Amino acid sequence: MSKLIRQVSIEAPAPKIKDSVFNLVVPVPDTPPHGARILVVYAGACYRKNQSTSISSISSQISDTGDITTSLSILAKQMQSGICSSISEEGPDSSPAQAHQTSVAIQHNPAAHHGVRDGALFPGFEVAGVIESLGTEVKPDCGYKVGQRVVLYPYEGVPAGYSELMVAPELQYLIPIPDNLPLSVAATLPTGALLAQSAIISAHAIVDELLKKRPGEKVKMLIVGTGGLALWALRIAAQHFYTPTTKDKIQITVASLRDEGFVMAKKCEKVNVVQWNEDLYEKQLIERTHDACEGLVDIVIDFGSTSRSLHRSMQCLTKGGHVLISDEIADKLLAKFAKRAEDRGVFIEVIPTGTIEQLHQVVKLVASNEIEPPPHTVFPSDQAAEVVRKLASSEIPGRAILKFHDVE
């Protein structure tokens with residue numbers, strides 16, 4: 001009989017599905033011959049992008065206090081016999097809208113279940129853990145060993161949902177974590193810190209060009225967002241730009257979308273802060289931003305992920321300015337704003353996801369204390385539904401991290 005493990009999937013709520021957190025049961029994945037299997041210790045509480053909006057798993061609704069052992073036994077027998085029909089304490093007439101947040105499911109392919117990323121939460125896929133096993137074709141001098149602490153690079157096709165055990169098809173997708181770097185902090189690096197690093201590297205190229213063209217003028221940058229992603233960008237920007245040669249040539253302003261980001265951003269030295277209170281009229285917010293930035297800016301890094309945020313960002317740009325957006329929202333917004341950007345004489349550019357080499361660099365910078373990570377709070381993985389609720393209500397400062405195993 002195949003062994004079963006738990007998987008947590010966080011999805012964008014659908015019209016017929018009340019909740020967005022699902023606890024699934026999936027078979028233990030085989031260790032790839034040239035890769036490794038990872039025991040997940042921590043994972044960032046965030047949505048996962050989907051190829052489609054349907055839930056492809058076979059699931060059954062049970063209560064949190066239900067007999068999970070009995071359910072697993074039944075599902076395992078179904079799997080052995082090739083029968084995968086759902087079971088439910090709610091009965092066959094239960095409405096999907098009334099279903100509980102916890103699902104138990106059997107999947108022959110753990111990658112079949114995809115969560116849907118939503119801009120309301122921090123975007124990404126972040127896993128930190130230890131190597132549980134290495135593939136049969138892995139050579140002894142590969143540089144990795146069982147028990148080694150690693151993070152997983154979010155490669156194309158990475159399995160969706162946070163299983164207790166995950167696989168990496170190739171060892172190149174594993175980034176070793178130094179002993180002095182807590183795994184809970186490491187879990188914030190593969191997407192949040194990496195995307196912010198990629199954004200700042202993109203911005204750096206623009207800054208260098210502007211400093212050559214306007215040697216006597218400051219380059220003004222506006223970082224839009226809240227929570228971990230914008231704070232990562234702020235900290236990485238400070239590490240990049242607040243150097244002896246450029247510290248007096250760069251002006252950085254943060255536009256915070258929520259109060260907690262506003263408070264944390266104020267703690268950073270040499271950074272202007274403006275609060276984008278969505279209750280205010282657009283004209284007021286734009287005027288407030290112009291005042292904080294002392295005029296129009298040259299670069300906007302916009303993690304706001306909404307049409308309103310991008311529209312506002314463009315009105316804060318000088319002619320010839322650049323607004324950087326993540327590829328998660330590019331498909332949705334580029335076509336809509338292309339003509340508007342052309343009319344205003346500004347450029348919209350897509351931030352690359354970030355490379356494996358950049359993730360190696362981020363790990364090194366954080367481990368050496370050259371970049372201070374934003375605050376984070378750890379929660380048991382079985383509290384994922386409550387964590388999502390709190391995140392949606394801005395009740396958790398910084399990042400929320402789910403804990404699956406205690407190895408430290």
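Just so we're clear, the structure is a prediction, and the values are computed from it rather than from any experiment.
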Check: [Y] and [X] side chains under 4.5 Å, non-hydrogen atoms:
X      : Y      : answer
Thr243 : Thr246 : yes
Lys390 : Gln383 : no
Val138 : Leu171 : yes
Ile38  : Glu132 : no

Spacing of [atom1] belonging to [X] relative to [atom2] belonging to [Y], to within rounding of 0.5 Å:
X      : Y      : atom1 : atom2 : result
His376 : Leu231 : NE2   : CG    : 14.0 Å
Ile252 : Leu222 : CD1   : CG    : 10.5 Å
Tyr242 : Asp248 : OH    : CG    : 10.0 Å

Less than 6.0 Å separating the ring centroids of Phe241 and His204?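 Yes, ring centres under 6.0 Å apart.
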Which residues satisfy the side-chain contact (heavy atoms from CB on, under 4.5 Å) test with Pro190, sequence neighbours excluded? Glu126, Val151, Pro154, Leu359
Looking only at side chains, do Trp276 and Thr289 share a donor and an acceptor under 3.5 Å apart? yes
Will you find, in the side chains of His322 and Glu349, an N or O donor that is under 3.5 Å from an N or O acceptor? yes
Please determine whether side-chain hydrogen bond (donor to acceptor under 3.5 Å, both in side chains) holds for the pair Asp298 and Thr318, giving the CA-CA distance in whole Å, both sets of side-chain angles, and the decisive distance to 0.1 Å. CA-CA 6 Å; Asp298 301 293; Thr318 187; 5.3 Å; no
What closest approach, in Å, do Gln275 and Leu285 show between heavy atoms, and which atom pair accounts for it?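 That would be O-CD2, 4.0 Å.
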For Glu282 and Arg308, run salt bridge (charged side-chain N to carboxylate O under 4.0 Å, His left out): C-alpha distance rounded to whole Å, both residues' side-chain angles, the deciding distance at 0.1 Å, then the answer. CA-CA 9 Å; Glu282 281 298 303; Arg308 186 180 183 187; 2.4 Å; yes
Check for a donor-acceptor pair, side chain of Lys220 on one end and backbone N or O of Glu294 on the other, with a separation under 3.5 Å. yes
Using the ring of each side chain (for Trp, its six-membered ring), is Tyr173 parallel, tilted or perpendicular to Tyr153, with breaks at 30° and 60°? parallel
Test: Lys212 and Asp208 ion pair at under 4.0 Å: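 Answer for the salt bridge query: no.
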